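What you are looking at is a predicted structure, and each value in this text was computed from that prediction instead of being measured. To find a chain, count down the sequence lines: A is the first, B the second, and so on, and within it residues start at 1.
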Number of protein chains: 2
Amino acid sequence: MSTKALRKEEEENLLRRADDLCRQNNLRLTPIRERVYRELVQSGGPVGAYDLVDRLSNEKKRLAPVTIYRALDFLRDAGLVHRLATQNSYVISHGQPDMNAMKIMFVDAKTGETVEVHSTEVAEAVRKAAEQAGFKSVSPFMEVEGEIAQ
Amino acid sequence: MSTKALRKEEEENLLRRADDLCRQNNLRLTPIRERVYRELVQSGGPVGAYDLVDRLSNEKKRLAPVTIYRALDFLRDAGLVHRLATQNSYVISHGQPDMNAMKIMFVDAKTGETVEVHSTEVAEAVRKAAEQAGFKSVSPFMEVEGEIAQ
DNA sequence: AATCATCACGTAATAACGTAATAAAAAGCG
DNA sequence: CGCTTTTTATTACGTTATTACGTGATGATT
Ligand SMILES: [Zn+2]
Ligand SMILES: [Zn+2]
Ligand SMILES: [Zn+2]
Ligand SMILES: [Zn+2]
(Lines give C-alpha, C1' and ligand atoms only; values in the text may rest on other atoms or scores of the structure.)
(Ligands and ions follow the chains in the order given, each with its own letter.)
Protein backbone atom coordinates (compact mmCIF):
# COMPACT_ATOMS: atom_id res chain seq x y z
CA MET A 1 0.00 0.00 0.00
CA SER A 2 1.36 3.43 -0.93
CA THR A 3 2.14 6.07 1.62
CA LYS A 4 -0.42 8.29 -0.04
CA ALA A 5 -3.08 5.64 0.46
CA LEU A 6 -1.94 5.30 4.04
CA ARG A 7 -2.28 8.97 4.56
CA LYS A 8 -5.68 8.99 2.93
CA GLU A 9 -6.75 6.24 5.26
CA GLU A 10 -5.39 8.14 8.26
CA GLU A 11 -7.33 11.17 7.09
CA GLU A 12 -10.56 9.25 6.98
CA ASN A 13 -9.86 7.83 10.41
CA LEU A 14 -9.43 11.28 11.88
CA LEU A 15 -12.55 12.55 10.19
CA ARG A 16 -14.54 9.61 11.46
CA ARG A 17 -13.19 10.04 14.98
CA ALA A 18 -14.10 13.72 14.93
CA ASP A 19 -17.56 12.89 13.69
CA ASP A 20 -18.04 10.31 16.43
CA LEU A 21 -16.78 12.61 19.14
CA CYS A 22 -19.17 15.35 18.10
CA ARG A 23 -22.08 12.97 17.86
CA GLN A 24 -21.38 11.59 21.33
CA ASN A 25 -21.25 15.07 22.84
CA ASN A 26 -24.18 16.55 20.97
CA LEU A 27 -21.88 18.88 19.06
CA ARG A 28 -22.68 19.79 15.49
CA LEU A 29 -19.88 19.24 13.03
CA THR A 30 -21.39 21.51 10.42
CA PRO A 31 -20.07 21.68 6.84
CA ILE A 32 -17.84 24.67 7.46
CA ARG A 33 -16.42 23.19 10.63
CA GLU A 34 -15.75 19.93 8.90
CA ARG A 35 -14.11 21.66 5.96
CA VAL A 36 -11.80 23.53 8.32
CA TYR A 37 -10.96 20.36 10.18
CA ARG A 38 -10.39 18.44 6.95
CA GLU A 39 -8.13 21.17 5.61
CA LEU A 40 -6.04 21.01 8.79
CA VAL A 41 -5.86 17.23 8.55
CA GLN A 42 -4.82 17.31 4.92
CA SER A 43 -2.20 19.99 5.47
CA GLY A 44 -0.38 17.71 7.89
CA GLY A 45 0.82 20.61 10.00
CA PRO A 46 0.01 24.00 11.48
CA VAL A 47 -1.95 26.43 9.30
CA GLY A 48 -2.72 30.09 9.93
CA ALA A 49 -6.28 31.34 10.12
CA TYR A 50 -5.89 33.54 7.07
CA ASP A 51 -4.33 30.69 5.16
CA LEU A 52 -7.46 28.73 5.90
CA VAL A 53 -9.52 31.64 4.64
CA ASP A 54 -7.64 31.48 1.35
CA ARG A 55 -7.71 27.71 1.03
CA LEU A 56 -11.41 27.39 1.72
CA SER A 57 -12.42 30.29 -0.48
CA ASN A 58 -13.02 30.20 -4.20
CA GLU A 59 -14.05 32.57 -6.99
CA LYS A 60 -17.71 32.12 -6.21
CA LYS A 61 -17.43 32.63 -2.50
CA ARG A 62 -14.89 34.37 -0.34
CA LEU A 63 -15.06 33.40 3.32
CA ALA A 64 -14.70 36.06 5.98
CA PRO A 65 -12.01 35.63 8.64
CA VAL A 66 -14.63 35.53 11.35
CA THR A 67 -16.15 32.44 9.76
CA ILE A 68 -12.87 30.59 10.11
CA TYR A 69 -12.29 31.84 13.63
CA ARG A 70 -15.70 30.60 14.69
CA ALA A 71 -15.05 27.19 13.23
CA LEU A 72 -11.64 27.09 14.89
CA ASP A 73 -13.14 28.07 18.20
CA PHE A 74 -15.62 25.25 17.94
CA LEU A 75 -12.94 22.73 17.03
CA ARG A 76 -10.70 23.93 19.87
CA ASP A 77 -13.51 23.71 22.39
CA ALA A 78 -14.19 20.18 21.17
CA GLY A 79 -10.53 19.33 21.72
CA LEU A 80 -9.97 18.52 18.07
CA VAL A 81 -7.61 21.36 17.28
CA HIS A 82 -4.82 23.17 19.12
CA ARG A 83 -3.84 26.75 18.74
CA LEU A 84 -0.09 27.33 18.53
CA ALA A 85 0.23 30.71 20.15
CA THR A 86 3.87 31.14 19.26
CA GLN A 87 3.10 30.56 15.59
CA ASN A 88 -0.30 32.14 15.27
CA SER A 89 -1.49 28.93 13.74
CA TYR A 90 -3.73 25.97 14.30
CA VAL A 91 -3.05 22.27 14.19
CA ILE A 92 -4.87 18.97 14.52
CA SER A 93 -4.78 17.33 17.92
CA HIS A 94 -4.17 13.63 17.73
CA GLY A 95 -3.77 10.90 20.25
CA GLN A 96 -6.21 9.60 22.78
CA PRO A 97 -7.51 12.12 25.27
CA ASP A 98 -5.51 10.84 28.24
CA MET A 99 -6.46 12.94 31.22
CA ASN A 100 -3.23 12.26 33.07
CA ALA A 101 -0.89 13.11 30.23
CA MET A 102 0.52 16.45 29.24
CA LYS A 103 0.06 17.04 25.53
CA ILE A 104 3.24 18.69 24.34
CA MET A 105 3.47 20.31 20.96
CA PHE A 106 7.09 20.59 19.96
CA VAL A 107 7.49 23.31 17.36
CA ASP A 108 10.56 23.53 15.17
CA ALA A 109 11.74 27.12 15.50
CA LYS A 110 12.91 27.20 11.89
CA THR A 111 10.22 25.46 9.86
CA GLY A 112 7.24 25.57 12.19
CA GLU A 113 6.90 21.81 11.85
CA THR A 114 5.23 20.25 14.88
CA VAL A 115 5.34 16.91 16.66
CA GLU A 116 2.88 16.08 19.43
CA VAL A 117 3.90 13.91 22.35
CA HIS A 118 1.89 12.91 25.37
CA SER A 119 3.78 12.46 28.62
CA THR A 120 2.61 11.63 32.11
CA GLU A 121 6.08 12.37 33.48
CA VAL A 122 5.96 15.94 32.22
CA ALA A 123 2.41 16.27 33.49
CA GLU A 124 3.49 15.21 36.95
CA ALA A 125 6.53 17.47 37.03
CA VAL A 126 4.52 20.44 35.80
CA ARG A 127 1.86 19.75 38.39
CA LYS A 128 4.51 19.92 41.11
CA ALA A 129 5.90 23.15 39.71
CA ALA A 130 2.40 24.59 39.49
CA GLU A 131 1.81 23.87 43.14
CA GLN A 132 5.03 25.70 43.92
CA ALA A 133 3.76 28.63 41.88
CA GLY A 134 0.44 28.71 43.69
CA PHE A 135 -1.55 27.36 40.78
CA LYS A 136 -4.25 24.85 41.54
CA SER A 137 -4.77 23.57 38.02
CA VAL A 138 -3.00 23.79 34.72
CA SER A 139 -3.87 23.27 31.09
CA PRO A 140 -3.06 19.79 29.75
CA PHE A 141 -1.56 21.42 26.65
CA MET A 142 1.73 23.12 26.21
CA GLU A 143 3.93 24.29 23.43
CA VAL A 144 7.70 24.07 23.39
CA GLU A 145 9.93 25.54 20.74
CA GLY A 146 13.00 23.61 19.73
CA GLU A 147 15.16 22.31 16.97
CA ILE A 148 14.16 19.21 15.09
CA ALA A 149 16.82 16.56 14.55
CA GLN A 150 17.62 15.98 10.90
CA MET B 1 11.43 48.57 55.82
CA SER B 2 8.31 49.18 53.76
CA THR B 3 7.25 46.87 50.99
CA LYS B 4 7.59 49.77 48.61
CA ALA B 5 11.21 50.25 49.60
CA LEU B 6 11.75 46.54 49.20
CA ARG B 7 10.30 46.64 45.74
CA LYS B 8 12.41 49.64 44.89
CA GLU B 9 15.47 47.76 46.04
CA GLU B 10 14.46 44.73 44.01
CA GLU B 11 14.02 47.00 41.01
CA GLU B 12 17.51 48.36 41.33
CA ASN B 13 18.87 44.85 41.71
CA LEU B 14 17.26 43.76 38.47
CA LEU B 15 18.48 46.83 36.65
CA ARG B 16 22.00 46.31 37.91
CA ARG B 17 21.96 42.65 36.96
CA ALA B 18 20.72 43.52 33.47
CA ASP B 19 23.43 46.10 33.14
CA ASP B 20 26.09 43.62 34.23
CA LEU B 21 24.84 40.92 31.93
CA CYS B 22 24.95 43.25 28.94
CA ARG B 23 28.39 44.54 29.84
CA GLN B 24 29.73 41.01 30.16
CA ASN B 25 28.35 40.00 26.77
CA ASN B 26 29.24 43.16 24.89
CA LEU B 27 25.59 44.05 24.49
CA ARG B 28 24.54 47.67 24.49
CA LEU B 29 21.80 48.47 26.96
CA THR B 30 20.87 51.73 25.27
CA PRO B 31 18.53 54.29 26.86
CA ILE B 32 15.45 53.05 25.02
CA ARG B 33 16.19 49.43 25.87
CA GLU B 34 16.74 50.28 29.50
CA ARG B 35 13.55 52.33 29.66
CA VAL B 36 11.57 49.41 28.27
CA TYR B 37 13.20 47.00 30.69
CA ARG B 38 12.61 49.34 33.62
CA GLU B 39 8.98 49.80 32.69
CA LEU B 40 8.49 46.03 32.64
CA VAL B 41 10.22 45.70 36.01
CA GLN B 42 8.10 48.42 37.57
CA SER B 43 4.87 47.05 36.20
CA GLY B 44 5.44 43.80 38.04
CA GLY B 45 3.72 41.72 35.40
CA PRO B 46 3.11 41.20 31.69
CA VAL B 47 2.63 44.30 29.55
CA GLY B 48 1.57 44.56 25.93
CA ALA B 49 3.78 46.20 23.34
CA TYR B 50 1.32 48.97 22.62
CA ASP B 51 0.90 49.57 26.33
CA LEU B 52 4.63 50.13 26.47
CA VAL B 53 4.30 52.54 23.58
CA ASP B 54 1.80 54.55 25.58
CA ARG B 55 3.67 54.42 28.86
CA LEU B 56 6.99 55.48 27.39
CA SER B 57 5.54 58.22 25.23
CA ASN B 58 4.78 61.75 26.31
CA GLU B 59 3.43 64.97 24.81
CA LYS B 60 6.80 65.89 23.40
CA LYS B 61 7.60 62.59 21.85
CA ARG B 62 5.43 59.71 20.72
CA LEU B 63 7.36 56.49 20.28
CA ALA B 64 6.64 54.30 17.27
CA PRO B 65 5.62 50.69 17.83
CA VAL B 66 8.64 49.44 15.96
CA THR B 67 10.89 51.19 18.45
CA ILE B 68 9.36 49.17 21.26
CA TYR B 69 9.44 45.95 19.28
CA ARG B 70 13.11 46.43 18.54
CA ALA B 71 13.90 47.00 22.19
CA LEU B 72 11.84 43.96 23.16
CA ASP B 73 13.66 41.85 20.60
CA PHE B 74 16.97 42.90 22.07
CA LEU B 75 15.86 42.16 25.62
CA ARG B 76 14.45 38.80 24.61
CA ASP B 77 17.64 37.85 22.80
CA ALA B 78 19.56 38.81 25.92
CA GLY B 79 17.33 36.54 27.99
CA LEU B 80 16.04 39.42 30.09
CA VAL B 81 12.47 39.37 28.88
CA HIS B 82 10.05 36.64 27.95
CA ARG B 83 7.23 36.93 25.46
CA LEU B 84 3.93 35.43 26.53
CA ALA B 85 2.56 34.22 23.23
CA THR B 86 -0.84 33.33 24.62
CA GLN B 87 -1.25 36.84 26.02
CA ASN B 88 0.50 38.93 23.40
CA SER B 89 2.52 40.47 26.15
CA TYR B 90 6.00 40.71 27.57
CA VAL B 91 7.32 40.06 31.03
CA ILE B 92 10.57 40.22 32.94
CA SER B 93 12.50 36.99 33.27
CA HIS B 94 13.93 36.62 36.73
CA GLY B 95 15.92 34.08 38.59
CA GLN B 96 19.42 32.91 37.93
CA PRO B 97 20.11 31.74 34.42
CA ASP B 98 20.30 28.08 35.36
CA MET B 99 21.08 26.20 32.20
CA ASN B 100 19.60 22.95 33.47
CA ALA B 101 16.29 24.35 34.61
CA MET B 102 13.12 24.88 32.64
CA LYS B 103 11.74 28.35 33.16
CA ILE B 104 8.02 27.94 33.38
CA MET B 105 5.69 30.89 33.16
CA PHE B 106 2.39 29.99 34.68
CA VAL B 107 -0.29 32.31 33.36
CA ASP B 108 -3.60 32.70 35.08
CA ALA B 109 -6.20 32.20 32.39
CA LYS B 110 -8.51 34.75 33.95
CA THR B 111 -6.36 37.65 35.02
CA GLY B 112 -3.21 37.14 32.98
CA GLU B 113 -1.18 37.23 36.18
CA THR B 114 2.06 35.27 35.90
CA VAL B 115 4.32 33.35 38.22
CA GLU B 116 7.71 32.10 37.09
CA VAL B 117 9.13 28.85 38.40
CA HIS B 118 12.37 27.13 37.51
CA SER B 119 12.38 23.35 37.55
CA THR B 120 15.05 20.84 36.67
CA GLU B 121 12.52 18.01 36.95
CA VAL B 122 10.33 19.53 34.25
CA ALA B 123 13.42 20.23 32.17
CA GLU B 124 14.47 16.62 32.37
CA ALA B 125 11.01 15.25 31.59
CA VAL B 126 10.61 17.62 28.65
CA ARG B 127 14.04 16.66 27.38
CA LYS B 128 12.98 13.01 27.35
CA ALA B 129 9.74 13.84 25.56
CA ALA B 130 11.66 15.93 23.05
CA GLU B 131 13.91 13.03 22.26
CA GLN B 132 10.84 10.92 21.66
CA ALA B 133 9.55 13.60 19.31
CA GLY B 134 12.81 13.73 17.37
CA PHE B 135 13.86 17.09 18.73
CA LYS B 136 17.49 17.55 19.60
CA SER B 137 17.13 20.71 21.65
CA VAL B 138 14.36 22.70 23.21
CA SER B 139 13.84 26.20 24.48
CA PRO B 140 14.40 26.64 28.22
CA PHE B 141 11.20 28.70 28.39
CA MET B 142 7.66 27.54 28.37
CA GLU B 143 4.29 28.94 29.13
CA VAL B 144 1.48 27.09 30.80
CA GLU B 145 -2.00 28.40 31.33
CA GLY B 146 -3.76 27.56 34.52
CA GLU B 147 -5.84 28.75 37.40
CA ILE B 148 -4.24 30.56 40.27
CA ALA B 149 -5.18 29.44 43.77
CA GLN B 150 -6.92 32.14 45.80
C1' DA C 1 41.98 62.22 10.17
C1' DA C 2 39.56 59.73 6.64
C1' DT C 3 37.56 55.41 5.36
C1' DC C 4 34.66 51.68 6.12
C1' DA C 5 31.49 48.60 8.29
C1' DT C 6 28.07 47.85 11.70
C1' DC C 7 24.58 48.89 14.70
C1' DA C 8 20.78 51.75 16.51
C1' DC C 9 17.06 54.76 15.76
C1' DG C 10 13.26 57.73 13.39
C1' DT C 11 9.41 57.75 10.37
C1' DA C 12 5.85 56.04 7.63
C1' DA C 13 3.24 52.70 5.70
C1' DT C 14 1.34 48.20 5.75
C1' DA C 15 0.71 43.46 6.83
C1' DA C 16 -1.14 40.04 9.84
C1' DC C 17 -4.19 38.67 13.34
C1' DG C 18 -8.50 38.86 15.69
C1' DT C 19 -13.25 40.74 17.25
C1' DA C 20 -17.82 43.45 17.44
C1' DA C 21 -22.21 44.35 15.65
C1' DT C 22 -26.07 43.30 13.11
C1' DA C 23 -29.01 40.78 10.22
C1' DA C 24 -30.23 36.65 7.81
C1' DA C 25 -30.59 31.71 7.51
C1' DA C 26 -30.88 27.15 9.37
C1' DA C 27 -31.74 23.79 12.76
C1' DG C 28 -34.04 21.88 16.85
C1' DC C 29 -38.45 21.37 19.28
C1' DG C 30 -43.30 21.68 21.07
C1' DC D 1 -46.63 24.65 11.84
C1' DG D 2 -44.75 28.65 15.06
C1' DC D 3 -41.25 29.52 18.46
C1' DT D 4 -36.56 29.43 20.18
C1' DT D 5 -31.68 28.69 19.73
C1' DT D 6 -27.80 28.10 17.02
C1' DT D 7 -25.15 29.01 13.10
C1' DT D 8 -23.70 31.80 9.31
C1' DA D 9 -22.95 36.19 6.23
C1' DT D 10 -21.34 40.81 5.78
C1' DT D 11 -19.22 44.73 7.18
C1' DA D 12 -16.55 47.30 9.81
C1' DC D 13 -13.27 47.93 13.29
C1' DG D 14 -9.43 47.06 16.74
C1' DT D 15 -5.05 45.11 17.99
C1' DT D 16 -0.54 43.29 17.19
C1' DA D 17 3.62 43.02 14.54
C1' DT D 18 6.61 43.81 10.49
C1' DT D 19 8.70 45.99 6.26
C1' DA D 20 11.10 49.58 3.99
C1' DC D 21 14.10 53.22 3.82
C1' DG D 22 16.81 56.82 5.35
C1' DT D 23 19.90 58.97 8.96
C1' DG D 24 22.98 59.27 12.54
C1' DA D 25 26.05 57.12 16.08
C1' DT D 26 29.89 53.89 17.07
C1' DG D 27 34.05 51.61 16.59
C1' DA D 28 37.63 49.66 14.27
C1' DT D 29 41.19 49.97 10.16
C1' DT D 30 44.05 52.21 7.33
ZN1 LIG E 1 -14.97 28.70 22.64
ZN1 LIG F 1 -3.46 16.42 21.41
ZN1 LIG G 1 16.33 38.87 17.87
ZN1 LIG H 1 13.62 33.26 34.62
Pairwise side-chain contact, Leu52(B) with Leu40(B), heavy-atom cut-off 4.5 Å (strictly under): yes
Starting at CG of Asp54(A) and ending at C1' of dA15(C), how long is that distance when rounded to a whole Å? 13 Å
Note, Lys128(A) side chain near Glu121(B) side chain (heavy atom, < 4.5 Å): no
Is Lys8(B) paired with Glu12(B) through a side-chain N to carboxylate O contact shorter than 4.0 Å? yes
Taken to the nearest whole Å, CZ/Arg83(A) to C1'/dA16(C) is 12 Å
Considering heavy-atom distances to DNA chain C, does Ala64(B) or Pro65(A) have its closest nucleotide positioned more toward the 5' end? Ala64(B)
Look at Arg70(A) and dT19(C) and indicate whether a side-chain polar atom (N or O) is within less than 4.0 Å of OP1 or OP2. no
Pairing of Arg7(A) and Glu10(A) as salt bridge, 4.0 angstrom limit: no
Closer than 3.5 angstrom, by distance alone: can the side chain of Asn58(B) be matched with the main-chain N or O of Lys60(B) as a donor-acceptor pair? yes
Tyr90(A) vs dG18(C): side-chain N/O to OP1/OP2 distance below 4.0 Å: yes
DNA chain D: 5'-most and 3'-most nucleotides touching chain A, 4.0 angstrom heavy-atom criterion: dT6(D) to dT11(D)
Between dA16(C) (C1') and Gln87(A) (CD): distance, integer Å: 14 Å
Would you mind reporting whether Glu143(A) and His82(A) have side-chain heavy atoms less than 4.5 Å apart? no
Taking any heavy-atom pair under 4.0 Å as a contact, classify Ile32(A): base, sugar-phosphate, or nothing. sugar-phosphate
Where does the angle between the aromatic ring planes of Tyr90(B) and Tyr69(B) fall among parallel (under 30°), tilted (30 to 60°) and perpendicular (over 60°)? perpendicular
Is the distance from OP1 or OP2 of dT11(C) to the nearest side-chain N or O of Arg62(B) less than 4.0 Å? no
Euclidean distance, atom CG of residue Leu27(A) to atom C1' of dA27(C) [Å, nearest integer]: 15 Å
Arg35(B) has an atom CZ; how far is it from atom C1' of dG10(C), in whole Å? 14 Å
So CZ of Arg33(B) and CG of Leu80(B): to nearest 0.5 Å the spacing works out to 11.0 Å
Check: Arg38(A) and Leu15(A) side chains under 4.5 Å, non-hydrogen atoms: yes
Measure from the side-chain heavy atoms of Val66(A) and tell me the nearest of dC17(C), dG28(C), dA20(C). dA20(C)
On DNA chain D, check which nucleotide each of Tyr69(B) and Arg28(B) is closest to and give me the residue with the more 5' one. Tyr69(B)
Would you mind reading off the bend of the helix from dA1(C)-dT30(D) to dG30(C)-dC1(D) from its two end axes, five pairs each, to 10 degrees? 30°
Which whole-number value in Å describes the distance from Asn26(A) CG to dG28(C) P? 10 Å
Nearest-Å distance, CD (Glu34(B)) to P (dA8(C))? 15 Å
Could Lys110(A) and Glu147(A) be called an ion pair, given the rule that one side-chain N must be under 4.0 Å from one carboxylate O? yes
I need the CD1-P distance between Ile68(A) and dG18(C), as an integer number of Å. 13 Å
